[in-house]
There are 2 protein chains.
Amino acid sequence: MSEKKISMVDIARMAEVSTATISRVLNKNGRYSPETEKRVMEIVHKYGYLPNLSAKTLRTNKSLSIGVIVPDITNEFFGKIVRSIENTVLPFGYSVFVCDSHEDEKIETLHIQNIVSKNVDGVIYIAGRADVGDIDQNFSMPVVYIDRQAEHAQFVVQSDNEYGGFLATEQLIRSGCRRILLLRDRRMLFPVRQRYEGYCKAHEKYGIPMDESLIVDSTVDYTLARDTISMILEEESLFFDGVFATNDMMALGALHALQKHHVRVPEQMKLVGFDDISLSEFCNPPITTITQDTEAMGQRAARLLLKRIQGGSVPSNNIMLPVFLNKRGTT
Amino acid sequence: MSEKKISMVDIARMAEVSTATISRVLNKNGRYSPETEKRVMEIVHKYGYLPNLSAKTLRTNKSLSIGVIVPDITNEFFGKIVRSIENTVLPFGYSVFVCDSHEDEKIETLHIQNIVSKNVDGVIYIAGRADVGDIDQNFSMPVVYIDRQAEHAQFVVQSDNEYGGFLATEQLIRSGCRRILLLRDRRMLFPVRQRYEGYCKAHEKYGIPMDESLIVDSTVDYTLARDTISMILEEESLFFDGVFATNDMMALGALHALQKHHVRVPEQMKLVGFDDISLSEFCNPPITTITQDTEAMGQRAARLLLKRIQGGSVPSNNIMLPVFLNKRGTT
DNA sequence: AACCAAAGAGTAAACGATTACTCAAATATC
DNA sequence: GATATTTGAGTAATCGTTTACTCTTTGGTT
């Protein structure tokens, strides 16, 4: 608890060499004999010496840590991405500062100041706010974005949301739906706009006329989504035979509203969600949804960031990851 | 992207004072006039100067960062604790290294070496492995544990798992159950042992005889829990009229097994879970469960750690947080 | 044999903050 | 008015690494 930590000069004294040599041995920079290496490493292991990263960072401007800014770490979807990022960077000695922004610009700014002060080598920014257009100026270091409009940034990793929207809508059409209600996150973040695009394209391809009144805005919130659908059912003025919700939380809200009004799913009404969170798998009936490869998202983003941190100029890179339809009980 | 970061000497030059004065102004350590302060702060703000934490850490041995070791960040329960920890420490300028150990000792050790090298000021360790008995020697810094056996550590935050187990069992008894199957995580981590204690105490209090064959071991895994219950139902040799699962994931597995075998819940069979993850709320019927106050767990652990980091000797402290019964559709 | 290159290792100056000393000027105390 | 204290501020060492130089020894080339 209190014994002072051992430093390079201690090791140097014991090995009877200079700190320069210790440093060269530890960093495998050559200019030392095999015998010296052996002697040094033995002492290093014997005392469990760990280099002081603050000193190293001060000297080299590399901190071996990165920041990940995430809208909500309690959300399984983001948790999976964070985990995958961590798995990818850990073997290279990197640690990650996780910064939950709560989608609040003030908190986000605080987090960013903190980690900039701490000399992070780079940042992975997972978009969750609508207004991230000018976030870039906050950083004077490599950043990789997840789920951000590619036109606004150079290094972006994202799912093929448009194709996902298409797949979801197509599945509903193939199941016989002709009037598909689109339950949409009203913040209209970039991924949602893309999913909407896919919804339109599917209508086009199958020659099904679109109807503005079938497009309903709600929030990611379960409750509001449920109540929105409930209200529509009670008013009885809008006819629809399928629902595409732009995420699973809202899909679940819709499902429960339908069940409360004794609309049988999937017999009378089909439903498709998006994201594939475990809720959609474990509810009853399990919800057909579009699966995003969170593992790959984290891994690709992390690898791209590491490459940018290590190696000079990496060409602008926009990584689009495939999604797939996960057919379950609601279609 | 490339302009060098501004340092204290730059500020000092511009304000025409020494770095010592800048330092004193920034740390509000006295020994400077109001005029000097104003002049310095104007320049600091004008250039958006942020101190270099690596240098500061090297000199002062305080890094303003802590590590949180967590068994699985994709699990909503742990995500909530992490978020609460972050919220608590952010106003004090701290950032948190989140380390997902995957309950794997090797990975955990790697993480710990990394963050020790990075001079974290303290660690919050959320137990998830069975064998954390001798983890302490890895740290030469303040640690606060969550969900660890209090006899093994000085600073522990935990829910009142025993009372939770009691409440769950009592609820089943009051709903008329007399033969309550205990579906238990076979790793028998400390919290699970406590919940089991509560299960026993409730039987005792209500004078209901316990039956060893009603205690069934499974894993946290949804699938195995489901298949375990399925098998028992198929064998038809064991009679029971209620299930207490030591966590919600297993409770959900049990629920689906029961439904598959056309056992009506809650009419023919009652069910109670533990943790209150959103899955238990949004399945059908929603599962009665024991709610843990994750918000408080994170907050109390973080506050305790900060106190230990800042102030000399904090008396040994074992914080026990209340739980409550969340009655829903399965009882 | 004379010259040169390479290998092995040391010296000391950074990196950007903090802080124990020092010191002059201003103010307080009697 | 002489002395003591407080105030405001500077000097320089320090934290633990890395690395550009330097230097000596060894071995290779012709």
Side-chain angles (χ1 to χ4, degrees), chain A residues 3-41 43-44 47-65 93 113-114 116-121 140, chain B residues 3-41 43-44 47-65 93 113-114 116-121 140:
Chain A
E3 72 281 357
K4 208 161 44 253
K5 239 181 286 179
I6 200 170
S7 85
M8 227 169 81
V9 291
D10 301 315
I11 305 287
R13 196 169 24 243
M14 290 188 282
E16 295 178 300
V17 292
S18 72
T19 58
T21 299
I22 307 287
S23 173
R24 283 189 289 248
V25 168
L26 290 174
N27 295 301
K28 301 194 199 306
N29 275 335
R31 305 271 111 174
Y32 53 86
S33 69
E35 298 81 49
T36 307
E37 174 176 18
K38 184 158 168 275
R39 188 152 36 93
V40 168
M41 290 316 283
I43 298 182
V44 162
Y47 291 92
Y49 164 75
L50 291 177
N52 182 327
L53 251 294
S54 300
K56 190 170 187 151
T57 301
L58 180 57
R59 186 56 226 255
T60 62
N61 255 320
K62 296 256 145 276
S63 67
L64 291 183
S65 52
Q113 286 183 354
N114 275 354
V116 167
S117 252
K118 281 152 195 160
N119 298 303
V120 291
D121 295 334
S140 58
Chain B
E3 72 281 357
K4 204 149 62 245
K5 240 181 285 179
I6 200 169
S7 86
M8 226 170 83
V9 292
D10 301 316
I11 304 287
R13 197 170 23 242
M14 289 187 282
E16 296 177 299
V17 292
S18 72
T19 59
T21 299
I22 307 287
S23 173
R24 284 190 287 249
V25 168
L26 290 175
N27 296 300
K28 300 195 200 303
N29 276 337
R31 305 269 113 170
Y32 54 85
S33 69
E35 299 82 48
T36 307
E37 175 177 18
K38 184 159 167 275
R39 189 153 36 92
V40 168
M41 289 315 284
I43 298 181
V44 162
Y47 291 94
Y49 164 75
L50 291 177
N52 181 327
L53 251 295
S54 301
K56 190 171 186 149
T57 300
L58 180 58
R59 186 58 226 258
T60 62
N61 256 320
K62 297 254 143 277
S63 68
L64 291 182
S65 52
Q113 287 183 353
N114 275 354
V116 166
S117 250
K118 281 154 195 161
N119 298 303
V120 291
D121 295 334
S140 59

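A note on names: the letters A, B, ... follow the listed sequences, proteins ahead of strands, and every chain is numbered from 1. For the numbers below, each heavy atom of this structure counts, side chains included, while hydrogens, waters and symmetry mates do not.
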For nucleotides 12-15 of chain D, tabulate all protein N/O to nucleotide N/O atom pairs closer than 3.5 Å, reporting atom names and distance.
from	atom 1	to	atom 2	distance (Å)
D:dT14	O2	B:R59	NH1	2.9

Open item on the list: Any residue in residues 6-16 of chain B with a heavy atom nearer than 4.0 angstrom to DNA chain D? Just list them by number, or reply none.
Closed with: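 Heavy-atom contacts with DNA chain D come from B:E16.
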Task: Side chain B:T57, main chain B:K62, donor-acceptor under 3.5 Å - done: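 Yes, B:T57 side chain to B:K62 backbone: donor-acceptor pair under 3.5 Å.
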Pairwise side-chain contact, [X] with [Y], heavy-atom cut-off 4.5 Å (strictly under):
X: A:S23; Y: A:M8; value: yes
X: B:V44; Y: B:I11; value: yes
X: A:Y49; Y: A:L26; value: yes
X: A:T36; Y: A:R24; value: no

Got a second to check how far [X]'s [atom1] is from [Y]'s [atom2], nearest 0.5 Å?
X: B:L53; Y: A:K118; atom1: CG; atom2: NZ; answer: 5.5 Å
X: B:R39; Y: B:E16; atom1: CZ; atom2: CD; answer: 7.0 Å
X: A:K5; Y: B:N61; atom1: NZ; atom2: CG; answer: 7.0 Å

Open item on the list: Mind checking if B:S54 touches a base, just sugar-phosphate, or nothing, with heavy atoms under 4.0 Å?
Closed with: nothing
- [ ] Just call it for A:T36: base, sugar-phosphate, or nothing, with non-hydrogen atoms closer than 4.0 Å on any strand.
- [x]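 Sugar-phosphate contact only.
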For atom [atom1] of [X] and atom [atom2] of [N], their distance in whole Å:
X: B:R39; N: D:dG8; atom1: CZ; atom2: P; answer: 13 Å
X: B:R31; N: D:dT5; atom1: CZ; atom2: C1'; answer: 10 Å
X: B:E35; N: D:dT7; atom1: CD; atom2: C1'; answer: 12 Å
X: A:R24; N: D:dG16; atom1: CZ; atom2: P; answer: 20 Å
X: A:I22; N: D:dT19; atom1: CD1; atom2: C1'; answer: 15 Å

TODO: Give me the first and last nucleotide of DNA chain C, going 5' to 3', that has any atom under 4.0 Å from a heavy atom of chain A.
DONE: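 Listed 5' to 3', the contact boundaries are C:dA7 to C:dG16.
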Open item on the list: Quick check on B:K38: does its NZ atom have over 12 non-hydrogen neighbours (other residues, nucleotides or ligands) under 6.0 Å away?
Closed with: no
TODO: Specify the residue among A:K56 and B:Y32 whose closest nucleotide of DNA chain D lies further upstream toward the 5′ end.
DONE: B:Y32
TODO: Tell me, with the steps shown, if B:N119 and A:S54 meet side-chain hydrogen bond (donor to acceptor under 3.5 Å, both in side chains).
DONE: CA-CA 7 Å; B:N119 298 303; A:S54 300; 2.8 Å; yes
Task: D:dT7 phosphate, OP1 or OP2, under 4.0 Å from B:S33 side-chain N/O - done: no
Task: side-chain contact (heavy atoms from CB on, under 4.5 Å) between A:N114 and B:L64, worked out - done: CA-CA 9 Å; A:N114 275 354; B:L64 291 182; over 6 Å; no
